[in-house]
Amino acid sequence: MAQVSNEETSSHPQSIKLPAAIEIFANLKNAQKFAIDIGLSLTKIAYYSTVRYRKALYKGVDSQSNEDFPAENSYQVSEGNRLHFVKFETRHIESCLDFVKENLVNVERFQGTSIQVTGGGAYKYKKLLQDKLGTEVDKKDEICCLIKGCNFLLKNIPGEAFEYERHANPEYKFHKASPNIFPYLLVNIGSGVSILKVESEQEFERVGGTATGGGTFWGLGSLLTQAKGFDELLQLAEKGDHRNIDMLVKDIYGGDYSSQGLSGDLIASSFGKAVFNSQDPSGNKNYSEADIVRSLLFLISNDIGQIASLYASMHNMNKVYFGGYFLRNHPLSMHSISYAIKYWTKGQVKPLFLRHEGYLGAIGAFLYGAQPESEKGSWLENFAGSSGLKSNTRSAQLGIQIDQLEIDQAENAVAFCPLLIDPATYNPDTTDLSQDKEARDYWLNCFEESVDKFIARAIYSQPQSPTAKDRASKLKEKYISRLHYLHEQPFGYGTLTVRTLLDTIEHCMKEFDFPDPYLLQKKQENEEALKHLKKRLEVIDNLEGSEKIEELIKGVLTGNIFDWGAQEVALLMETTNFLFEDAQKKIPERPWLQDCLDNWIKRLQEEPPHRCAAVFIDNSGVDIILGILPFVRDLLQRGTKVILCANSMPALNDVTYPELQVILKDAAKVCDIIKYALNENRLMAMETAQAGPCLDLSRLNLDLCVAMIKQNVDLIVIEGMGRTLHTNLYARVKCECLKLAVVKNRWLAKRLGGDMYAVICKYERELSKTDNQNMAKTKDICDCNQLKKNTNDSSAQVPTSTSTVMSKTIYLS
Amino acid sequence: MRPQNCENYIYEEIMASNGYPDVAPVSNKQSKKNSPPCESGNSMPWFGMDIGGTLTKLVYFEPKYITKDEADAEVETLKNIRQYLTKNSAYGKTGHRDAHLQMDDVCIRGRRGTLHFIRFPTSEMGNFLALAKAKGMATLVTTVCATGGGAYKFEENFNQEVNLSLAKFDELDSLIRGMLYIDATNPHECYYWSEPTDESKCQKVPYDFSKPYPFLLVNIGSGVSILAVQGPNDYRRISGTSLGGGTFLGLCCLLTGCNSFEEAIELATSGDSTRVDKLVKDIYGGDYSRFGLPGDLVASSLNDVCSFGQMNSKDRRNTVSREDLARATLVTITNNIGSITRMCALNEKIERVVFVGNFLRVNPISMKLLASAMDYWSKGTLKALFLEHEGYFGAVGCLLQFTGNSNQR
C-alpha cells in the first residue's frame with residue numbers, strides 16, 4: 001500500500017514550476033467585460049479582452065518592396081478577442097481584486113456598468129466587489145451559469161470531456177467535439193449536489209440532488225482529522241486505506257456474498273468498523289486519520305455515483321457530466337464516481353468529467369453579460385496561455401497559486417466538414433500520443449530538439465526589433481517547459497497529438513509576437529518557384545494519358561518535399577541549392593508505401609470528370625506552385641471546378657489564404673487556364689479557418705463548408721504530412737478522396753514500414769449507401785492492394801494488403 | 001502500470017472494493033446450494049440465528065406444552081438453556097432479550113410455543129460460543145440454523161469450538177420468509193406514521209399488509225439492501241448502499257465518542273442538525289426573493305442543504321455539541337437512504353415501501369424522516385411502512401426454514 005501511495009503521489013504532482021514567462025492576469029489593461037464566480041473555496045474571474053498582435057502583411061511580387069527583410073510596415077496591428085479566466089483561492093479575493101484594479105486602464109470606465117457574479121459567495125462578497133471595482137453587481141443564478149458554461153465548453157473546446165479509468169492506458173479518454181451535445185445530465189458537486197437535466201440550450205431543469213456533497217466531505221473531514229482545508233484532506237485520502245474503517249462484505253461473510261454476486265471487497269457498511277475500533281478496550285487504534293478520510297471520500301463519491309445513476313436511468317440519459325469543486329479532477333474521486341456509475345448502470349451510462357470543470361460558472365456568467373457579437377465566430381483554447389490539468393502556476397506578482405484558461409475568438413465560424421461520413425465519430429488525429437509512449441517520447445524529443453531552429457527563424461524574421469532575442473528566449477523557455485510538462489502529464493491538454501504539439505508552437509509564436517516567422521522565406525520561395533512554372537507546365541503538356549497523370553501526382557509529391565517543418569529537409573534547403581529536380585530524384589520507385597496511383601489514373605481515364613474538387617494545400621513555394629498548381633490546372637482542363645483551401649493563419653511555411661490569393665494572381669499571368677478559371681470562378685481560393693499545419697475537419701470554416709455543399713464537391717484532395725498523415729489518414733468522407741504526402745521524417749517512415757521519403761498516395765472511392773453502413777467503422781478501406789516490400793522486417797509482417805498493415809501499424813503505434 | 005507488478009495488481013483489487021464488483025446482482029432462485037441437509041426438526045432447542053456485520057440476532061422457540069415423552073427426555077442441559085434464555089433479559093454486558101417483542105402462542109411446524117428475540121453484538125461471538133459450549137449445546141443438537149454473513153464467516157468457529165455444524169440459509173430468503181410469517185402471525189405487526197412532519201399529531205397507525213405485493217423491502221442493517229418483492233418466492237435485490245446503520249454508528253462513535261447505538265440515538269434526540277448542516281439561507285443570507293431565480297429553481301434549492309456544510313469552519317466546530325453532531329449524522333444517513341429508496345421505487349413503479357432492520361430500533365426520528373421523505377417527494381403516492389420486529393426477520397425466517405424445509409436442503 002505504501003509503495004502504491006508513493007507512486008500515486010509522484011505521478012500526481014501538485015504543481016509544476018513554470019517559468020516567469022507566464023503572465024498572470026494577461027492582457028488585463030484592455031479588459032472589456034468582467035464576470036466572477038465566487039465559490040466557497042475557489043474564485044474564478046472571467047474577462048474579455050482585446051489582444052493586439054501583429055499580423056504579417058503579404059505583399060505580392062508586384063509590390064515595390066525590395067528589402068531583404070520585411071520592414072516594420074510589413075505588419076499590421078490587428079486586434080483579436082480573447083476570453084481569460086483566472087482561478088484562485090477565494091481567501092485571496094481581495095488582493096486579486098486590488099491587482100485587477102491597479103492594472104486596469106481607466107478604471108473609471110467601469111463606473112455605472114455591471115459585473116455578472118455567480119456562485120455561493122456572490123452574496124457575501126457583493127459589497128467588496130462594488131467597492132473595489134466600482135461596478136454594479138448583477139447576480140446570476142448559479143445553475144443557469146453552470147449549464148451555459150458547460151454547453152460552451154462542450155461545443156467549443158475539443159477534448160473537453162473525458163472518461164477516467166485509473167491505471168488504464170490511457171487513464172484519460174478524451175471525447176472529441178460532437179456536433180450534438182444534448183441531452184445530458186450535469187451533476188454539480190459543490191457543497192451539496194445538484195443534478196441537472198439539459199436537453200437543449202434553453203431547456204434544462206434541476207431534477208434532483210443530495211445534501212451529501214463536497215461540503216459534507218470537507219465538514220466531516222475537518223471534524224474527524226487535523227487536516228487544514230479541503231486540499232489537505234484530499235492529499236490525506238491518497239495515503240489512507242479505507243479497509244481499516246469500512247466494513248467490507250468479506251468482513252461480514254469471510255468472503256464473497258456469492259448468491260447476490262457481491263464481491264468480498266465491496267464496502268458493505270461505510271465506517272462500519274469504526275464502531276469496533278472506537279470501542280477497543282486496549283485503546284489501540286487500528287486506523288489512521290488518512291484511513292478515515294479515504295473512507296469518507298469513497299463514501300461521498302460512491303453515494304453521488306449511485307444517486308447520479310438512479311437519476312440517469314430515471315431520465316433515460318446515457319451521458320453524465322460531473323463538475324463542481326469536490327472533484328477538481330482529483331483521480332481518486334473521479335475513479336470512485338466512475339466506478340459507481342459503471343457498476344450501477346452496468347456500463348450503460350458514461351461518466352464524463354471536464355478538463356475545465358472549475359470554470360463552468362464563470363464562463364456562464366460571462367456569457368450572460370456578454371454582447372451578442374461575442375458569441376459570433378468560433379473559439380479555440382489557447383495552449384500558450386492556459387494551464388494544463390493539475391498544473392497550478394505560482395504567480396510571482398501575487399505570490400499565490402492560480403490556474404488560467406484562455407480562449408481565443410476567431411473571426412470565422414466553424415462547422416464540421418459536410419462531407420464527413422460520420423461527424424460524431426470523426427477523429428482528426430492518427431496517433432494518440434498519450435496512449436503511445438514510444439511515439440510520445442519520440443515526438444516530444446523531436447520537438448524539443450527542433451525548438452532552436454524555430455527560435456532562430458523567429459529572431460531572423462524580426463532583425464530590427466531590439467526585443468526579438470529576449471522574446472524568443474522566453475518563447476523557448478515556455479515551450480520547453482510545456483514539453484517537459486507533457487512528458488509528465490501527457491493528458492494535460494486533452495488528447496496529446498502531433499497536431500496539438502504543432503498548434504502549441506503556433507500559439508507560443510503568436511504569444512511572443514512572432515506572428516509569421518517564415519513570411520519572408522515564403523515570399524522569396526513563391527517568387528522563385530513562379531519563375532519555373534511555365535517550364536514545368538510545358539514538361540507536363542508534352543505528356544499524355546496515364547503518363548501525364550502520373551507525372552502530375554509525382555509533381556505534387558516532389559513539391560511536398562519542400563517543407564521547412566521537416567528537420568532533415570530544412571537542413572538540405574538551408575545548406576544546398578535544393579531544386580525541384582533534386583527533389584524529384586528523392587521520390588522512390590513505385591510501388592510506393594501506399595500506392596493507389598493506378599486506381600486514380602483509371603478513375604480519371606474511364607469515368608466522367610469530377611464536378612468540383614476541394615484541394616487542401618500545404619507548403620509555399622515549390623509545393624504550391626510547381627506541384628499543386630499544375631495538378632489543379634489539369635483538373636480544370638478536364639472540366640472540374642477547384643476550390644483551393646488554405647490556412648487562415650500562418651503556420652510554418654504553409655500557404656496562408658492571403659498568400660494564396662497573391663500566388664493565384666501571379667500564376668494567372670503565366671497560365672491562361674488558371675487566369676480564365678479564376679475569372680469564371682471555376683477556380684476559387686478559400687480559407688479553412690485553420691491556424692496550424694494540420695487539418696481538423698471538425699472545425700472547418702463555415703463559408704468553406706457552405707461552398708462545398710453548393711459546389712457539389714465530389715473530390716477532396718488533401719496534401720502533406722500534417723494534413724494526411726498526422727491527421728485524417730483514416731478520415732472517411734462521402735465523396736472520392738485523394739491523400740498525397742511524402743514522409744519526411746525518418747522515424748515515422750520506418751514506423752510505417754518504409755524509408756525516408758516514403759510516399760503515401762491513397763485514393764479512396766466514394767461510399768455507396770450500403771458501404772456507408774458497413775464501412776464507416778473500418779479503419780481503412782482504401783481499395784488498392786499494391787504492396788511495397790517491407791525492407792526492414794518483412795518477416796515480421798506478412799500483410800494481405802498494404803492498407804491493413806498500415807492501418808495496424810499506425811493505429812497501434 | 002502492468003499486471004506483473006504485483007503491488008499494483010493488488011492495489012487495483014483494493015480500489016475495486018470501494019465500488020462494486022462487475023457481477024450483476026443475480027436472482028436468488030438457483031443459488032441455494034450452500035446449506036447442508038438439516039437434521040430432523042424434532043431435536044430441541046430450536047434456534048434461528050442471523051449473524052450480521054454488527055449485530056447477531058437469535059430467535060429461540062420455547063414450546064408451550066412439552067409432551068410427556070419430551071418431558072421425560074428433557075435432559076438437564078436443555079432445561080438449563082431454556083431457563084437461562086427465558087428467565088433473563090440481559091446476557092453478560094451486551095446481550096439483550098427484547099421482551100416486548102416476545103410472541104406467545106405461535107405455531108411453528110405444528111408446535112405451539114413462544115418466540116423469544118435476543119440480540120448481541122457480533123463482536124461478542126467468541127463469548128457466545130464459549131457460553132454455548134459451557135451450556136453443553138453440542139450434546140443436544142449437532143446443527144444450528146444460521147443466516148447472515150456470519151453464518152459463513154463463523155462456520156469454522158462453530159465447528160471447532162462448539163462442535164456444532166451450521167445449516168446456512170440465504171439472508172434475503174430468510175428475511176422475506178420471516179417477515180411474511182411474522183406479519184401474518186402478529187395482527188399489529190405492520191404500521192405507518194401519520195403526519196410524520198408534525199411532532200404533535202404524529203402517531204403510529206396499524207396497516208393491513210395482508211395483500212402485500214408488490215412492495216419494496218429496505219433492510220437497514222450495517223449496510224442497506226433494497227429488494228423488489230413481487231411474490232413470496234419472487235424478489236430481486238435491486239440496489240443497496242453502504243451508508244447504513246453501521247455508518248451512522250461508526251461516524252457517531254468517531255464524532256461523539258459514544259459507546260452504543262442507544263447512546264447515539266439518545267444524543268441525536270436532543271441535538272439540532274441545523275447547527276451542523278448548511279442551509280440555503282446560510283449561503284444566500286435568506287435573500288432569495290430578490291435573486292430573480294425562476295420559481296421552480298428556488299423551490300428545489302430551498303430543500304437543498306449540505307450535510308455537515310458548516311463544519312469546515314473552525315468557529316462553528318467549536319460551538320456544536322455532541323448531540324448536534326449525532327443528530328446531523330442520523331439525519332444525513334436517513335435522508336440518503338430515503339432518497340435512494342424513493343428513486344428505486346420510482347424506477348420499479350412500486351408504491352409501498354417496507355423499512356426493516358435494526359437501524360430503526362428505538363429510532364423514531366429516522367422512521368418519521370423516512371415517512372415524510374416518501375410522502376413529500378411522491379406527493380402522497382408512496383407509502384412508508386414499518387414492522388414491529390424490525391431486525392429479527394432474518395433469524396425468524398431461518399428458524400422457519402429449518403423446521404419447514406429441512407428435507408429439501
Side-chain angles (χ1 to χ4, degrees), chain A residues 3-4 120 123 139 141 143 166-167 169 191-192 206 209-213 215-216 218-220 222-224 242-243 247-248 251-255 257 259-263 265-276 278-279 298-299 302-303 306-307 310 313-314 335-336 339-340 343 346, chain B residues 1 7-8 11-13 15-21 23-26 28 31 53-54 123 149-150 152-153 170 222-223 237 241-244 246-247 249-251 253-255 259 278 283-285 287 291 293 297 300 304-312 317 332 335-336 339-340 343 346-347:
Chain A
Q3 263 188 342
V4 176
Y123 177 81
K139 274 188 282 184
D141 175 55
I143 287 172
R166 197 145 149 130
H167 300 309
N169 184 23
S191 294
R206 184 186 190 278
T210 158
T212 321
T216 314
W218 194 354
L220 270 173
S222 306
L223 285 165
L224 295 169
H242 72 288
R243 295 171 300 177
M247 186 184 285
L248 308 188
D251 293 321
I252 304 177
Y253 273 80
Y257 179 11
S259 75
Q260 288 297 328
L262 301 176
S263 133
D265 287 326
L266 284 185
I267 300 173
S269 173
S270 299
F271 282 84
K273 272 189 195 162
V275 177
F276 309 132
S278 59
Q279 290 175 337
F298 285 164
L299 178 154
N302 275 333
D303 192 49
Q306 179 176 13
I307 288 174
L310 285 163
S313 60
M314 198 181 286
H335 167 86
S336 182
Y339 202 99
Y343 174 75
K346 301 186 177 75
Chain B
M1 303 286 276
E7 281 289 332
N8 273 329
Y11 185 68
E12 281 179 356
E13 294 276 290
M15 284 305 305
S17 72
N18 84 76
Y20 306 87
V23 197
V26 291
N28 241 42
S31 54
T54 313
S123 54
Y152 298 84
K153 187 179 174 185
D170 182 81
S222 307
R237 183 181 191 273
T241 162
S242 69
L243 280 72
T247 316
L249 188 52
L251 275 173
C253 289
L254 292 174
L255 289 168
N259 282 308
K278 180 164 292 200
I283 302 176
Y284 298 125
D287 181 25
F291 223 70
L293 299 183
L297 285 180
S300 55
D304 195 9
V305 239
C306 165
S307 304
F308 290 89
Q310 294 186 49
M311 292 298 96
N312 57 339
R317 283 202 294 279
T332 302
N335 279 341
N336 193 60
S339 79
I340 289 175
M343 282 186 283
L346 275 179
N347 279 342

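With a threshold of 4.5 angstrom between heavy atoms, B:Asn335 does not approach chain A through any atom at all.
For A:Asn302 and B:Ser242, the side-chain atoms include no donor-acceptor pair closer than 3.5 Å. No donor-acceptor contact under 3.5 angstrom links the side chains of B:Asn312 and A:Ser222, judged on distance only.
B:Asn336 CG to A:Thr210 OG1: the interatomic distance, rounded to the nearest 0.5 Å, is 5.5 Å. The structure places CD1 of A:Ile252 at 13.0 Å from OH of B:Tyr152, a figure rounded to the nearest 0.5 Å. With values rounded to the nearest 0.5 angstrom, B:Asp170 atom CG is found 3.5 Å from A:Tyr257 atom OH. Atom-to-atom distance recorded for A:Asp303:CG and B:Leu243:CG is 5.0 Å, nearest 0.5 angstrom. Atom CH2 of A:Trp218 and atom CD of B:Gln310 lie 13.5 Å apart (nearest 0.5 Å).
Residues that satisfy the side chain to side chain contact (heavy atoms under 4.5 Å, CB included) test with B:Leu346, not counting sequence neighbours, are A:Met314, B:Arg342. For A:Ser269, the side chain to side chain contact (heavy atoms under 4.5 Å, CB included) partners at least two apart in sequence or on another chain are A:Met247, B:Ser222, B:Thr247.
The two residues A:Asp251 and B:Lys153 have their closest heavy-atom pair at O-NZ, 2.7 Å. Among all heavy-atom pairs drawn from B:Cys306 and A:Gly215, the shortest one is SG-CA, 3.5 Å. Residue A:Val275 comes nearest to B:Cys253 through the heavy atom pair CA-SG, 4.2 Å, listed as atom of the first residue, atom of the second, then distance.
Side-chain contact check for A:Leu220 versus B:Met311: every heavy-atom pair is 4.5 Å or farther apart. For the pair B:Arg317/A:Leu223, a side-chain contact is recorded, criterion being any heavy-atom separation below 4.5 Å from C-beta on.
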Exercise for the section: Check the pair A:Gln306, B:Ile340 against side-chain contact (heavy atoms from CB on, under 4.5 Å), reporting the backbone distance first and the verdict last. Expected result: CA-CA 8 Å; A:Gln306 179 176 13; B:Ile340 289 175; 3.5 Å; yes
